[in-house]
4 protein chains.
Amino acid sequence: MSIFKTVGPIHYEGSQSDNPLAFKHYNPDETVGDRKMKDHLRFAVAYWHTFTGDGSDPFGRGTMRRPWDRYSGMDLAKKRVEAAFEFFEKLGVPFFCFHDRDIAPEGDTLRETNRNLDEIVDMIQSFMKTTGVRLLWNTAQLFHHPRYVHGAATAGNADVFAYAAAQVKKGLETAKELGGENYVFWGGREGYDTLLNTDMALELDNLARFYHMAVDYAKEIGFDGQLLIEPKPQEPTKHQYDYDVANTHAFLQKYDLLDHFKINIEANHATLAGHEFQHELRYARIHDLLGSVDANQGDTLVGWDTDEFPTNLYSTTLAMYEILKMGGFRSGGLNFDAKVRRGSFEPEDLFYAHIAGMDSFARGLKVAYRLIEDRVLDRFMEEKYNSFTQGIGRDIRSGQTDLKELEAYILDKKEIQSRSGRQEYLHSVLNQYLLNV
Amino acid sequence: MSIFKTVGPIHYEGSQSDNPLAFKHYNPDETVGDRKMKDHLRFAVAYWHTFTGDGSDPFGRGTMRRPWDRYSGMDLAKKRVEAAFEFFEKLGVPFFCFHDRDIAPEGDTLRETNRNLDEIVDMIQSFMKTTGVRLLWNTAQLFHHPRYVHGAATAGNADVFAYAAAQVKKGLETAKELGGENYVFWGGREGYDTLLNTDMALELDNLARFYHMAVDYAKEIGFDGQLLIEPKPQEPTKHQYDYDVANTHAFLQKYDLLDHFKINIEANHATLAGHEFQHELRYARIHDLLGSVDANQGDTLVGWDTDEFPTNLYSTTLAMYEILKMGGFRSGGLNFDAKVRRGSFEPEDLFYAHIAGMDSFARGLKVAYRLIEDRVLDRFMEEKYNSFTQGIGRDIRSGQTDLKELEAYILDKKEIQSRSGRQEYLHSVLNQYLLNV
Amino acid sequence: MSIFKTVGPIHYEGSQSDNPLAFKHYNPDETVGDRKMKDHLRFAVAYWHTFTGDGSDPFGRGTMRRPWDRYSGMDLAKKRVEAAFEFFEKLGVPFFCFHDRDIAPEGDTLRETNRNLDEIVDMIQSFMKTTGVRLLWNTAQLFHHPRYVHGAATAGNADVFAYAAAQVKKGLETAKELGGENYVFWGGREGYDTLLNTDMALELDNLARFYHMAVDYAKEIGFDGQLLIEPKPQEPTKHQYDYDVANTHAFLQKYDLLDHFKINIEANHATLAGHEFQHELRYARIHDLLGSVDANQGDTLVGWDTDEFPTNLYSTTLAMYEILKMGGFRSGGLNFDAKVRRGSFEPEDLFYAHIAGMDSFARGLKVAYRLIEDRVLDRFMEEKYNSFTQGIGRDIRSGQTDLKELEAYILDKKEIQSRSGRQEYLHSVLNQYLLNV
Amino acid sequence: MSIFKTVGPIHYEGSQSDNPLAFKHYNPDETVGDRKMKDHLRFAVAYWHTFTGDGSDPFGRGTMRRPWDRYSGMDLAKKRVEAAFEFFEKLGVPFFCFHDRDIAPEGDTLRETNRNLDEIVDMIQSFMKTTGVRLLWNTAQLFHHPRYVHGAATAGNADVFAYAAAQVKKGLETAKELGGENYVFWGGREGYDTLLNTDMALELDNLARFYHMAVDYAKEIGFDGQLLIEPKPQEPTKHQYDYDVANTHAFLQKYDLLDHFKINIEANHATLAGHEFQHELRYARIHDLLGSVDANQGDTLVGWDTDEFPTNLYSTTLAMYEILKMGGFRSGGLNFDAKVRRGSFEPEDLFYAHIAGMDSFARGLKVAYRLIEDRVLDRFMEEKYNSFTQGIGRDIRSGQTDLKELEAYILDKKEIQSRSGRQEYLHSVLNQYLLNV
Ligand SMILES: [Co+2]
Ligand SMILES: [Co+2]
Ligand SMILES: [Co+2]
Ligand SMILES: [Co+2]
Ligand SMILES: [Co+2]
Ligand SMILES: [Co+2]
Ligand SMILES: [Co+2]
Ligand SMILES: [Co+2]
């Protein structure tokens with residue numbers, strides 16, 4: 001019995017199709033380079049935005065119209081699971097992601113809450129078996145309940161730390177049970193609103209302790225998925241400790257956690273931190289930190305996390321460029337941490353939005369693949385950095401020189417020849433690939 | 001023979017003075033806690049803004065009217081030195097800072113340039129002896145010349161790397177010669193304008209090689225001042241690698257440079273990176289990275305580095321709070337990396353501006369000292385984090401517990417008691433201290 | 001029977017008091033210039049933040065602990081009224097403000113909703129009589145209900161326009177009944193999320209029609225309070241039509257509404273639009289548009305409306321400077337459109353926060369008054385613009401010259417003498433007044 | 001004798017060409033709708049960036065390598081004219097734009113300066129005749145010289161006003177002489193750095209007087225080109241009076257200038273003001289204010305005016321959408337107020353950059369034209385606003401109803417039906433048009 005009655009399975013119809021409920025670029029079994037599109041892209045649906053989100057914002061209550069609106073409590077939770085798997089299948093996405101609190105309601109104690117959770121997890125597990133849809137990652141929601149008002153692992157109150165720790169324990173067990181390929185930490189309240197009341201040193205130490213306990217427990221239960229941290233600079237807190245990838249990198253190194261974590265990079269969090277999405281991906285890639293991606297986009301003219309569906313082809317192309325350059329995802333994937341606008345309140349909009357995102361990344365994949373195959377940027381780089389493959393440049397790279405030798409080398413030189421950076425030309429080339437691929 | 005003819009030595013006259021050329025709060029020999037004001041604050045004048053800056057901006061040429069305007073070449077360089085030491089003495093600042101290119105003009109080769117530099121450095125050294133004014137830090141200017149268009153240590157061209165290396169070599173020698181207490185690196189061009197033409201991995205490796213060579217050479221010549229890196233997120237480049245303190249912290253750890261560097265934090269660079277000035281100071285302090293401070297302020301409603309003289313008392317108070325909490329400066333100080341507005345073009349404005357900054361930090365010092373002495377925030381913190389001194393909290397801090405134990409502890413708890421963060425109250429208290437001290 | 005049991009009436013105890021529940025600067029009956037402090041400041045409490053707000057944010061549910069939490073429906077509405085008037089009296093504020101939906105719950109139809117409203121309005125009216133507390137302004141809440149998802153007066157659907165119109169009709173009647181001194185329009189949804197689906201021309205025309213109907217009806221029922229528009233650039237919509245004061249000024253002129261409206265300026269909306277709070281006040285003042293003020297402050301390092309209680313003394317001083325220069329408020333006042341932080345969840349925090357805001361504005365009033373009395377800035381201006389009082393400058397101002405005459409005047413002049421803007425000196429002076437008053 | 005020796009005339013070679021010195025989309029004589037591409041787009045080269053700009057930035061001196069570098073004074077000015085017209089012809093642009101100070105050096109008095117100007121204007125006029133290249137607009141540069149440190153028409157000094165007025169007089173005469181189709185005012189210094197020393201009311205009055213004198217003089221000499229104001233929010237001043245289109249609209253209305261001016265909208269100024277480029281175009285279009293366009297793009301992650309060449313196809317498409325909806329340019333055009341990056345210092349980069357911009361706008365034109373022809377968005381709008389064509393909606397639009405009638409209409413209605421805004425779907429459609437046209 002169908003829940004999304006007006007929409008059937010979504011098929012690829014090619015770029016000229018005018019069927020709004022068809023893919024124009026995403027052709028799951030089409031091969032791009034060494035693997036199929038679906039294996040490059042590893043799309044996941046975010047349970048929270050798509051099945052739990054109601055369209056409320058700080059100035060308005062929910063607007064979404066959903067077939068499960070008339071249910072409540074555990075019935076609602078179950079109806080959402082049914083809807084979710086129908087949606088996954090119709091869309092043809094291989095993965096999904098969830099927070100513990102998206103899928104099941106809380107009880108009066110954590111014990112009761114876990115009981116609710118177990119019931120839904122069992123149901124999900126059985127749906128996963130029958131549909132073949134897999135868990136990209138799950139996570140513990142440590143920000144919505146008032147107990148987390150001052151943080152979870154960084155709260156001033158040890159009981160709060162304990163509660164959060166217990167949620168993560170359960171989360172890791174769930175990940176193990178459902179065969180999750182990763183497990184994510186997003187510390188939305190791990191930060192501060194004012195330094196006047198914050199012991200940053202203690203809070204960072206506690207955060208590290210928290211992560212170490214999680215590492216130990218994952219090992220203990222044999223969960224071998226990838227642990228991921230998702231940075232965000234701010235919102236809801238004024239300042240979040242995992243501000244951007246490099247801030248997180250500093251933290252992981254300091255606290256001897258580098259071997260255990262990679263990063264889950266969200267496009268909108270990148271721009272909120274003042275970085276291009278590609279910057280965060282590049283930084284993570286070259287530091288072997290790029291784990292997975294929250295595929296969305298922000299509005300750089302507004303200052304909050306809009307979590308829009310990703311449709312900007314420049315952004316999807318340059319993201320796929322970094323992912324292909326990494327050799328493709330290992331455990332990670334493209335999770336649509338994106339919500340339909342508050343005004344897109346009909347169930348069909350969920351399909352339109354995911355199709356928009358999937359097509360945009362499929363096109364981005366193809367363009368990026370072509371750019372790499374044709375060695376467009378690589379050839380440019382080779383010329384630009386050519387002087388480091390010989391002479392004094394090679395000595396610099398190999399560590400065989402020092403300031404004195406370099407001074408002697410340059411002291412009487414009259415002129416240094418530079419090369420144009422050709423930024424405008426490269427933008428033209430990017431446009432041409434975008435349109436012609 | 002006086003250069004600033006209209007202005008005599010600046011004296012402390014107390015908060016009620018209406019003499020615009022007197023200090024209202026900065027009383028150098030007044031004791032605050034364990035040391036004199038002047039030893040807490042360790043003010044430095046920035047040679048570039050005050051003696052070289054001409055008030056030009058991207059849309060207009062210089063406006064500044066200076067007694068040395070009629071000179072040029074080495075004569076100009078020498079007249080500026082005279083003016084500078086007269087200014088330092090009249091203002092009563094104990095320190096100054098400079099880039100190599102501020103103090104002497106370039107020649108046709110680096111050898112000639114160094115010859116010019118040597119002549120001025122000798123002159124400076126003799127002024128330092130007679131006046132007792134000391135060098136807080138010097139640095140190599142690696143951003144103004146067209147050769148640095150694509151970076152210095154991160155340029156695509158090995159010759160540029162060599163040139164920059166040779167400048168740093170000379171800079172370290174100068175620091176040694178003048179007894180500089182620190183040596184600074186600010187990589188204004190170490191970053192990129194577009195990732196389309198940038199090999200970030202190679203560039204970061206080269207930057208680390210550059211720093212290691214500097215460390216080695218400093219050791220070789222026996223320069224034992226503190227090496228400092230000054231982060232800035234962007235401008236002139238779109239993205240600078242030393243984006244903020246934590247980004248720099250990640251870099252220093254990765255490249256095994258943590259033992260050799262501390263950070264020079266500029267207020268306006270903090271806000272350009274989306275952080276409070278106090279945030280950067282706090283982060284640096286608790287990671288033992290706080291070396292020195294570029295004391296200025298920005299306009300958070302505009303998006304470029306305005307380098308204004310610091311007059312916001314909230315900012316100076318909270319900065320001094322972190323510095324006092326660190327136990328005061330060791331090698332560092334408060335360098336006015338600040339320029340008079342383009343419209344403040346008279347020589348007197350240089351005095352007004354420095355007086356404004358010095359008084360603002362002096363007041364900030366007194367307010368911060370009082371806040372610490374009265375343990376206003378410390379007492380609040382003790383209560384807030386009290387649960388980590390006992391029971392389960394103590395176990396968390398001492399590493400004697402794990403997820404399982406924490407789950408057992410919390411699983412059946414009905415309620416967790418939180419405590420108000422009292423942000424509004426703390427702001428009232430801060431205001432009261434500001435006004436009453 | 002007291003609701004805020006732990007807090008008694010708040011009294012003025014002077015700047016040295018260490019009683020957190022006392023005023024340090026706000027001394028209502030103290031005279032400043034031609035009137036009492038309370039008559040200068042005309043403080044109002046915002047019903048929504050203080051009695052309806054629950055501390056929820058986009059990532060977390062409510063945290064506030066309120067004595068009325070156990071009530072619901074009309075009982076809750078009534079208990080809030082009791083609490084509100086107790087709060088007003090204990091704090092000693094002369095005014096309050098509300099949206100229709102803050103004070104009473106909605107029914108199934110507007111008729112039922114209005115019935116609920118009437119009952120609460122009657123209750124409020126009787127409290128107003130016994131306490132003497134007055135209504136600064138009320139407004140219709142046209143953004144929270146899903147019907148307003150695409151705007152109210154600018155919705156695509158005429159029924160929505162009609163509903164909004166009916167709410168405003170009732171709002172004007174309420175204003176008349178309660179003797180409101182102003183009536184406010186804030187169009188939180190009057191704007192767009194994307195221009196792809198927006199007919200801006202039609203929407204602006206409709207907005208003007210809406211305002212004209214309100215003007216007509218106010219006249220018809222004899223409501224002679226001031227109509228006010230409150231600009232905001234964005235949030236919740238991506239772009240709000242009343243972006244800033246000048247945008248609103250353009251609209252009012254175009255649609256022949258200038259005689260009927262003034263502006264309600266919120267500090268945090270000013271900074272979200274890229275303007276200083278003082279800028280918006282100044283612009284409004286010199287265009288005779290400054291009606292009233294939403295007294296709060298934002299965090300310029302985050303991109304959403306934080307609506308913090310105003311404690312920055314620079315901001316309060318410069319705001320009061322503009323208000324005094326206008327000759328003081330006529331119908332307007334200082335409405336605390338501010339909310340305690342989510343972490344300040346205890347009822348006492350409501351008092352601390354309002355005390356913080358009231359003291360900050362009281363201090364600002366005194367400093368601003370002193371600056372004006374001493375003609376500090378006025379004298380500076382007179383000198384700066386002196387050339388416009390004589391000769392060619394006077395001719396320019398009086399319209400008695402033209403380009404030809406001006407060219408003849410300047411064509412052979414060698415030099416123009418400019419005068420320093422003295423910005424740094426003026427900041428020193430401002431600090432001295434702030435501390436010494 | 002060629003100046004740009006390495007580059008010949010640029011031709012259209014189609015989208016598959018891999019010739020970097022060919023157009024891929026701009027085919028000047030190709031017809032799109034009712035006119036040729038070249039007549040839709042009316043491209044202009046900006047003299048200042050392309051022939052005067054040297055690549056300096058606040059942290060570095062010029063990098064550009066130009067064939068005219070070895071000249072100076074009037075010789076330099078003349079060589080630039082030759083280069084410019086060679087460039088215009090090779091590129092095939094029909095228009096150019098300039099500031100008075102771009103084309104000729106200043107003398108000791110304005111009389112001498114004008115003499116220099118006359119000589120170059122004569123030379124330009126003769127080149128215009130032989131090449132057929134026309135003047136889109138010229139303007140007076142009122143921001144670079146120190147005399148304008150505190151503004152031009154808004155300076156505190158009447159002599160400065162006079163000087164600026166004389167420059168505008170000459171500018172209007174030049175416009176008349178060269179048959180300029182427009183004349184532009186950009187007030188880069190018309191604003192303030194701090195309100196502490198600014199009489200905003202006097203300054204705005206003076207600005208209006210200045211504009212009125214210009215209107216009168218244009219009439220007097222029979223210059224019938226369009227007068228344009230170019231808004232910018234800030235930089236170089238902290239706050240510029242012509243902040244955005246709506247701010248300027250308010251000013252024009254207030255000072256009775258609306259009949260005489262239209263707006264020159266720059267993309268990067270739009271985003272600096274927090275608006276989409278399309279927003280400013282739309283606002284101007286529906287208020288009949290859209291005169292001309294400065295075609296560039298900014299980087300929304302940095303806070304200054306980067307003036308990049310426009311290559312973002314979303315931006316060019318939506319800009320052309322507004323221009324086509326206006327019925328195409330009347331006197332205006334697309335002026336590349338854009339500069340090659342500091343690292344793109346070779347003469348060839350000037351060609352690459354303009355080709356990039358011209359192709360991007362040509363593609364944008366075609367996509368926009370298709371969107372309009374297919375009525376994609378228009379049909380969506382018609383449905384969305386359909387309720388305003390009948391019943392109560394029609395009454396609202398025709399002004400035949402009031403609050404009472406609207407209340408009666410809605411008072412007992414149970415439900416209002418809204419329609420999804422379909423933002424995600426519309427983004428998909430836009431992508432499809434972008435790729436398929
Ligand atoms: Co995310
Ligand atoms: Co997000
Ligand atoms: Co600095
Ligand atoms: Co700076
Ligand atoms: Co408000
Ligand atoms: Co607000
Ligand atoms: Co422009
Ligand atoms: Co620009």
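Below, chains carry the letters A, B, ... as their sequence lines are ordered, and counting in each starts from 1.
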Structural part of [X] lying under 4.5 Å from a heavy atom of chain D:
X	value
C/N206	side chain
C/S420	backbone
C/E276	side chain
C/A273	backbone
C/K254	both
C/T113	neither
C/L204	side chain
C/L258	neither
C/H249	both
C/Y163	both
C/N114	side chain
C/E383	neither
C/Y321	neither
C/T401	both

Could you look at [X] and say if it's the side chain, the backbone, both or neither that has a heavy atom under 4.5 Å from chain C?
X	result
D/A155	backbone
D/D412	both
D/Q417	backbone
D/K404	both
D/T248	neither
D/R397	both
D/L272	neither
D/L318	side chain
D/H212	neither

Where is the tightest heavy-atom contact between [X] and [Y], given as atom of each residue plus distance?
X	Y	value
C/M213	D/L406	SD-CD1, 3.6 Å
D/N197	C/Y385	O-OH, 3.8 Å
D/D159	C/I410	O-CD1, 3.6 Å
D/M381	C/L196	CE-O, 3.4 Å
C/L411	D/T109	O-CB, 3.6 Å
C/E407	D/A166	CA-CB, 3.6 Å

Most contacts with chain D, counted as non-hydrogen pairs under 4.5 angstrom, among [options]:
options	answer
C/L202, C/V149, C/N386	C/L202
C/N247, C/D402, C/L195, C/I286	C/L195
C/H275, C/R147, C/K413	C/H275
C/R422, C/H287, C/Q234, C/E112	C/H287
C/A165, C/A201, C/G156, C/G274	C/G156

From [X] [atom1] over to [Y] [atom2], what is the distance, rounded to the nearest 0.5 angstrom?
X	Y	atom1	atom2	value
C/Q423	D/K238	CD	NZ	9.5 Å
D/Y283	C/Y243	OH	OH	13.0 Å
C/T194	D/L426	OG1	CG	7.0 Å
C/I416	D/F161	CD1	CZ	12.5 Å

Quick one: do C/M200 and D/H279 satisfy side-chain contact (heavy atoms from CB on, under 4.5 Å)? Show the steps, please. CA-CA 10 Å; C/M200 194 197 279; D/H279 169 86; 3.7 Å; yes
When only pairs under 4.5 Å are counted, which of [options] shares the most heavy-atom pairs with chain C?
options	value
D/R285, D/E415, D/K170, D/E203	D/E203
D/Q167, D/R282, D/E220	D/R282
D/N157, D/D108, D/L403, D/L110	D/L403
D/G421, D/S418, D/G393	D/G421
D/T198, D/D205, D/L377	D/T198

Results of side-chain contact (heavy atoms from CB on, under 4.5 Å) for D/A158 - residues two or more places apart only: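 D/A158 satisfies side-chain contact (heavy atoms from CB on, under 4.5 Å) with C/S387, C/F388, C/I392, C/I396 only.
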Looking at C/R209 and D/G399, would you say the former's side chain and the latter's main chain have a donor-acceptor pair under 3.5 Å?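 Looks like no, no N/O pair under 3.5 Å.
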